[in-house]
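Below: one structure, written as structure tokens.
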Amino acid sequence: GYGRLGISLQNNRLVIGTLSNFRRLKQIPEMVALMAEIEHAFPNSFSFVIGGDGPEREHVQKAIVSYGMQQKIALLGKQENSAEFLAGID
């Protein structure tokens, strides 16, 4: 089924996520690395989402691939309603 964020999420998993303008200062590729560490330590225990867009999008996408997280992180793009997005993550 579809979860709080309108995407398919695994039931009973906490949702770890961030909403950001993808700029170097925001360090989103580093967030991807942390998500990968969490997934490695606690396999299949969390759902991961990243909302937003910006000039560093390609770097974020490359980080997701380099950490093998393509099937684990939902990259949701620009969000029109940030309050709704943030309410959907834990």
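Predicted model only: the values in this text are computed from it and were never measured.
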Nearest atoms (heavy-atom pairs only) where [X] meets [Y]:
X     : Y     : result
Gly52 : Phe22 : O-CZ, 3.5 Å
Leu75 : Arg57 : CD2-NH2, 3.9 Å
Asn21 : Pro55 : OD1-CD, 4.1 Å
Pro29 : Val60 : CD-CG2, 4.1 Å
Val49 : Leu76 : CB-CD1, 4.1 Å

[X] [atom1] to [Y] [atom2] distance, which is reported to the nearest 0.5 Å:
X     : Y     : atom1 : atom2 : result
Leu19 : Glu84 : CG    : CD    : 11.5 Å
Gln61 : Ser66 : CD    : OG    : 12.0 Å
Ile16 : Ile73 : CD1   : CD1   : 10.0 Å
Leu34 : Ile28 : CG    : CD1   : 10.5 Å
Met35 : Thr18 : CE    : OG1   : 6.5 Å
Arg23 : Asp53 : CZ    : CG    : 10.5 Å

State whether the number of non-hydrogen atoms from other residues, nucleotides or ligands found under 6.0 Å of [X] atom [atom1] is greater than 12.
X     : atom1 : value
Glu58 : CD    : no
Glu30 : CD    : yes
Lys26 : NZ    : no

Audit row: Asn44, Arg13, side-chain contact (heavy atoms from CB on, under 4.5 Å) steps and yes/no: CA-CA 8 Å; Asn44 301 311; Arg13 289 188 186 176; 3.4 Å; yes

With sequence neighbours left out, the residues meeting salt bridge (charged side-chain N to carboxylate O under 4.0 Å, His left out) with Lys78 are none

Okay, side chain of Gln79, backbone of Gly77: is any donor-acceptor separation there less than 3.5 Å? yes

Please examine the side chains of Phe42 and Leu14, heavy atoms only from C-beta on, and report whether any two atoms are closer than 4.5 Å. no

Should the ring pair Phe48 and Phe46 be called parallel, tilted or perpendicular, given that the plane angle runs from 0 to 90° and is split at 30 and 60? tilted

Could Glu56 and Lys62 be called an ion pair, given the rule that one side-chain N must be under 4.0 Å from one carboxylate O? no

